[in-house]
Amino acid sequence: MLYYLFNYLYKVHHIPGTGVMQYSSFRAALAIVSSLIIAQYFGAPLIRLLQRQQIGETIRDLGLQGQAEKKGTPTMGGLIILLAILVPVLLFAKLDNIYIILMLLSTVWLGLIGFVDDYIKVVKKNKDGLAGRFKILGQVGLGLTVGWVLFFSNDVTVRQYVLPNGTFSAVDASGVYQDVKLMITTVPFIKNNELNYGDLFATAGDFFNEYYAFFYIPIVILIITAVSNGANLTDGLDGLAAGTSAIIGTTLAVFAFVSGNALLADYLDIMFIPNSGELVIFCAAFVGACVGFLWYNSYPAQVFMGDTGSLAIGGIIAVLALIVRKELLIPVLCGVFLIESLSVMAQVSYFKYTRRKYGEGRRLLRMSPLHHHYQKLGYHESKIVSRFWIVSIMLAVLTLVTLKLR
């Protein structure tokens with residue numbers, strides 16, 4: 001909103017200094033500072049409100065170190081994250097940008113699903129929360145919406161350069177180009193690393209070549225559902241999900257910045273995505289919100305984010321990666337989420353397999369998700385979180401290296 005006000009003052013009244021809002025880097029700086037301030041200013045009152053309403057976490061006795069001390073800690077702290085994201089974005093971003101609209105929709109959509117789940121758990125005292133099928137249905141609904149917009153909206157384009165031999169390229173810049181509707185993505189560690197989803201079905205016939213949206217959209221649904229649930233599983237130790245998400249968000253901010261800048265995209269020889277640079281403002285607010293939330297969520301936590309926060313941040317990360325065409329890097333960038341999810345799948349599968357084979361279920365890990373396994377081994381919670389952060393930083397660096405390593 002402030003962007004449009006300052007733009008009006010600059011173009012109509014020519015007030016000196018108001019033109020600074022034209023720069024996305026300046027607005028991103030304002031967004032991250034604002035999100036930090038909002039998280040700090042509203043965090044403490046919200047925690048006190050949750051305490052007064054006795055909206056505290058119900059802890060099952062799992063025999064984990066320090067578990068008893070967490071009983072009664074307020075949850076639904078994800079509201080702090082949502083507020084610290086939405087307000088700066090509404091103030092400083094271009095609200096008519098298709099990518100900003102998608103990110104706002106994703107944040108609110110999954111935030112509401114998580115809020116309903118937390119509300120049922122802590123207010124209605126139903127420990128099962130929102131039925132799993134309704135969570136999945138909500139995630140699938142968001143994936144269907146995002147996939148449909150990315151595939152069919154004419155505002156979602158990539159730049160194709162016309163090479164001297166008459167062919168087209170998304171990375172080799174030349175003086176002649178056109179912004180086209182094309183569903184391509186980046187394949188890491190490969191030279192000439194653009195994959196056209198349509199090419200996957202081109203040999204199957206004209207029908208599949210023309211209507212491959214029916215195959216692309218399920219991929220979007222799978223990615224959003226997987227990353228959202230992965231973030232939800234990772235949210236089990238103080239500061240783990242918020243810190244990891246801040247690292248991932250910073251990496252995606254870099255991708256958004258270089259993908260939305262024609263000169264940098266040309267220099268780094270990567271795909272230029274028109275109008276995607278506006279996502280830097282959203283990423284800045286997202287990182288600021290996660291870091292600001294850590295003030296209250298770091299060990300020992302004064303508040304938990306609950307599903308209100310964890311489902312939302314996972315969905316945000318997934319949609320951001322899809323928009324900047326880096327979804328194939330998610331297994332690396334979100335490696336912590338991935339290993340947490342795989343640890344649960346492996347534990348459940350092995351337990352069921354051994355129960356069928358030996359008549360009793362056996363465990364592959366001492367406990368899943370993986371962070372609880374390390375707790376069972378005697379590692380302190382803060383050490384586990386710190387080491388997971390370090391792993392996340394290493395994976396983020398590896399992801400950024402793909403900009404030039406092919």
Side-chain angles (χ1 to χ4, degrees), residues 98-99 101-103 105-107 109-110 113 132-133 135-158 160 170 180-190 192-233 248-249 251-252 255-256 259 270-271 273 276 279 311-342 345 395 399 402:
I98 186 63
Y99 301 127
I101 294 172
L102 272 181
M103 294 313 307
L105 174 67
S106 302
T107 303
W109 190 311
L110 288 178
I113 294 173
R133 63 181 180 275
K135 283 186 186 178
I136 295 297
L137 184 62
Q139 292 166 332
V140 169
L142 177 63
L144 179 63
T145 303
V146 171
W148 189 273
V149 171
L150 290 179
F151 193 92
F152 289 107
S153 174
N154 291 326
D155 293 325
V156 178
T157 61
V158 295
Q160 290 281 282
V180 298
K181 186 73 193 161
L182 195 62
M183 296 315 300
I184 58 177
T185 189
T186 302
V187 181
F189 307 115
I190 297 177
N192 300 322
N193 60 344
E194 278 67 48
L195 169 68
N196 187 337
Y197 283 103
D199 291 343
L200 296 176
F201 310 101
T203 58
D206 293 338
F207 176 83
F208 291 97
N209 190 36
E210 186 176 354
Y211 296 101
Y212 66 92
F214 297 108
F215 301 93
Y216 171 75
I217 292 175
I219 293 173
V220 173
I221 293 172
L222 176 64
I223 290 171
I224 290 176
T225 302
V227 179
S228 181
N229 288 327
N232 188 237
L233 290 172
I248 295 171
T251 308
L252 288 171
F255 281 126
S259 297
I270 64 173
M271 189 189 315
I273 306 170
S276 64
L279 287 172
L311 288 177
I313 62 178
I316 287 168
I317 289 168
V319 178
L320 278 171
L322 285 162
I323 290 174
V324 298
R325 315 296 176 105
K326 299 295 184 291
E327 63 268 28
L328 297 185
L329 283 168
I330 286 178
V332 180
L333 178 59
C334 302
V336 170
F337 294 170
L338 176 63
I339 195 64
E340 294 275 45
S341 299
L342 291 177
M345 295 167 62
L395 292 172
T399 304
T402 63

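Source: prediction; values computed, not measured. By convention here, the first residue in the shown sequence is residue 1.
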Side-chain touch L102/L150, heavy atoms, less than 4.5 angstrom
yes
What distance do M271 atom CE and I184 atom CD1 have between them, rounded to the nearest 0.5 Å?
4.0 Å
dist L110:CG -> Q139:CD (nearest 0.5 Å) comes out at 6.5 Å
Looking only at heavy atoms, what is the nearest atom pair of V220 and G147, with distance?
CG1-N, 3.8 Å
Verdict with reasoning, N196 to L182, per side chain to side chain contact (heavy atoms under 4.5 Å, CB included):
CA-CA 8 Å; N196 187 337; L182 195 62; 3.5 Å; yes
Is it true that a side-chain atom of W109 and a backbone atom of G138 form a donor plus acceptor pair closer than 3.5 Å?
yes
Check step by step if side chain to side chain contact (heavy atoms under 4.5 Å, CB included) holds for I330 and L338.
CA-CA 9 Å; I330 286 178; L338 176 63; over 6 Å; no
Test V336 against I248 for side chain to side chain contact (heavy atoms under 4.5 Å, CB included), laying out the working first.
CA-CA 10 Å; V336 170; I248 295 171; over 6 Å; no
Rounded at 0.5 Å granularity, tell me how far CG in L142 sits from CG in L137.
11.5 Å
Hey, does F151 have a side-chain heavy atom less than 4.5 Å from the side chain of V156?
no
Might you work through the side chain to side chain contact (heavy atoms under 4.5 Å, CB included) test for I217 and V146, ending with a clear yes or no?
CA-CA 8 Å; I217 292 175; V146 171; over 6 Å; no
Could you check if a side-chain atom of L279 sits within less than 4.5 angstrom of a side-chain atom of F255, using non-hydrogen atoms only?
no
Smallest heavy-atom separation, A256 atom then V324 atom, equals CA-CG1, 3.9 Å
Just how far is it from atom OG1 of T399 to atom CG of L395, taken to the nearest 0.5 Å?
6.5 Å
Donor-acceptor check, side chain of T225 to backbone of L222, threshold 3.5 angstrom: yes or no?
no
Could you tell me which non-hydrogen atom of T107 sits nearest to which non-hydrogen atom of A312, and how far apart they are?
O-CB, 4.2 Å
So, taking the atom named CH2 in W148 and the one named CD1 in I221, what distance separates them when rounded to the nearest 0.5 Å?
11.5 Å
Flag, side chain of T186 to backbone of K326, donor-acceptor distance under 3.5 Å:
no
S228 side-chain N/O to G314 backbone N/O, donor-acceptor pair under 3.5 Å
no
Can you tell if the side chain of I273 reaches within under 4.5 Å of the side chain of T157, non-hydrogen atoms only?
no
Measure the spacing between CG of L320 and OG of S106 and express it to the nearest 0.5 Å.
8.5 Å
Taking all non-hydrogen atoms of both residues into account, name the closest pair between F337 and I317 and its distance.
CE1-CD1, 3.8 Å
